[in-house]
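Encoded as structure tokens, the structure appears first; notes follow it.
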Amino acid sequence: MAIATINPTTGVTEREFDPHTDAEIDKRIAHAHAAYRSMRATSYADRADWMRAAADILESELDEAARMLTTEMGKTIAQARAEVLKSAKAMRFYADNAEEFLTGRDLADPSAVNASAAYTRYEPLGVVLAIMPWNYPLWQVIRFAAPALMAGNAGLLKHASNVPQAALYLDTLFERGGFPTGAFRSLLIPARAVEAVLRDRRVAAATLTGSEPAGRSVASIAGSEVKHVVLELGGSDPFIVMPSADIDGAVATAVTSRTVNNGQACINAKRFIVHRDVYDEFVGKFTAAMAALRVGDPMDDATDVGPLATASGRDDIVELVEDALAKGAVATTGGAVTEGAGWFYPPTVLSGITPEMRLYAEEAFGPVASVYRVDSAAEAVEIANDTTFGLSSAVWTRDEDEEAYLVRSIDAGAVFINGMSISYPELPFGGIKDSGVGRELSVEGIREFCNLKSVWKA
Ligand SMILES: O=CCCCC(=O)O
């Protein structure tokens, strides 16, 4: 895939970029490695000042950065602005909290280990390679980079090939804030060049957000090099609606949760599992609300849903929906590609999904909702868990016993009660099963890329 900005609203290639040469890649790894060595000698206070300054720069460039995101991957301009602001917020969160999160502990009774003193300390690991996707071109990178740099690591970014301007923007952002040159560098490289970088002795660890095959490949290379990885992969999150729920609230939230980011987020709700007592009401209102969304130019503030980011991503959605329809699913709205320029796909609601359909098992990375009718909370859990994924989930109920049952029974990295899955800097984020390993954000996220050193003194 060429490294290029191809505007998904028009399908027009706006800019192409030459990949970095082998010599340039080597230079950038060397920069990052040297920066890591100098970062080790800096204080949390220094790094926090630089991080806050970088956050201020990002925020001061809000409109320009948001337009860049919308141009490169098609999210609505309002959501692009929100992404920029969320990124700046996470940078400040780690500037404020990194030192506390990385405070080690003293052993209360060092004599238990025959020592006069014993304690732990968190130290940086080194250069961390981040392989990141196009769907949140700034946020996905910042949620790795802010904690990793605050811990004293250096970062190398291999960004998705369709968001090169975002990659280049990030290449300088931290240095502009005051971090040493090389503390964070972007590599403009194709996917096939990742292996050599990951195997380089100067690279200590990797984090990947992206597809399951990409995650498996990076994990196996890192495993053979005995390097730590964090993986945040796909999801097919359930959204369960029980009879006691606030149905209007559930419908409004379901629409947002399925269509935010044009339906291209790992934590979009994708499977709507509804109790039969409220099924007709929920599906009727949900279908009407999905059909009423405004699909169009993502630069227009009035637009709810923009285009899909790539032609191939839209082809994938078309194939998934056609497969389901051919096997008996029913589209209560949408279900056919929109004619015209750009990679638009209409908000779609499909019922009558069966295990024979690809949609039952595969992630729909676009604004396509599958709805299921169930007779009980136990059946809802059975369908919710009948997936290889386990990222997040949402449950709608006002019955406390049912809530407790659903929270403990769903196999996922998170459960949101009467709300939708969202990531927050303060809450750990990550999945189980094929949705990934490790956690990002919060205290757990910053500790992923640290050496927890035990110190023992005679
Ligand atoms: O694809 C993953 C999307 C994560 C979105 C978020 O962090 O809110």
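Every number for a ligand or one of its atoms is a count from 1 in the order of the listing.
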Check: Can you find an N/O atom of Glu232 closer than 3.5 Å to an N/O atom of ligand 1?
Finding: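 Not met; the criterion fails.
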Item checked: Residue-ligand contact Gln264/ligand 1, heavy atom below 4.0 Å ->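 The answer is no, since Gln264 has no heavy atom less than 4.0 Å from ligand 1.
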Checklist line | Within-shell test, Ile422 vs ligand 1, heavy atom, strictly < 4.0 Å | finding: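 Judged by the 4.0 Å heavy-atom criterion, Ile422 does not count as contacting ligand 1.
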Would you say the side-chain atoms of [X] and [Y] include a donor-acceptor pair closer than 3.5 Å?
X	Y	value
Gln165	Thr5	yes
Gln264	Asn135	no
Glu61	Tyr169	yes

As an exercise, identify every atom of ligand 1 less than 4.0 angstrom from a heavy atom of [X].
X	value
Lys86	8 (O)
Ser423	6 (C), 7 (O), 8 (O)
Arg143	4 (C), 6 (C), 7 (O)

Check: Which residue and non-hydrogen atom of the protein lie closest to atom 5 (C) of ligand 1, and at what distance in Å?
Finding: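 That would be Tyr136 CE1, 3.6 Å.
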Notebook entry, point to check: What is the nearest protein non-hydrogen atom to atom 1 (O) of ligand 1, stated with its residue, atom name and distance?
Noted result: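 Checking every protein heavy atom, the shortest distance to atom 1 (O) of ligand 1 gives Cys266 SG, 2.6 Å.
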Next item on the list: Taking the side chain as every heavy atom from C-beta outward, state whether Thr209 and Glu440 have any atom pair closer than 4.5 Å.
Entry: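 The answer is yes, as the side chains (C-beta and beyond) meet within the 4.5 Å cut-off.
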Notebook entry, point to check: Got a salt bridge between Glu59 and Arg92, using NZ or NE/NH1/NH2 to carboxylate O under 4.0 Å?
Noted result: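 Salt bridge flag = yes for Arg92 with Glu59.
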Next item on the list: May I ask you to say whether Arg81 pairs ionically with Asp301, meaning some side-chain N is under 4.0 Å from a carboxylate O?
Entry: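 Salt bridge between Arg81 and Asp301, a charged N being under 4.0 Å from a carboxylate O: yes.
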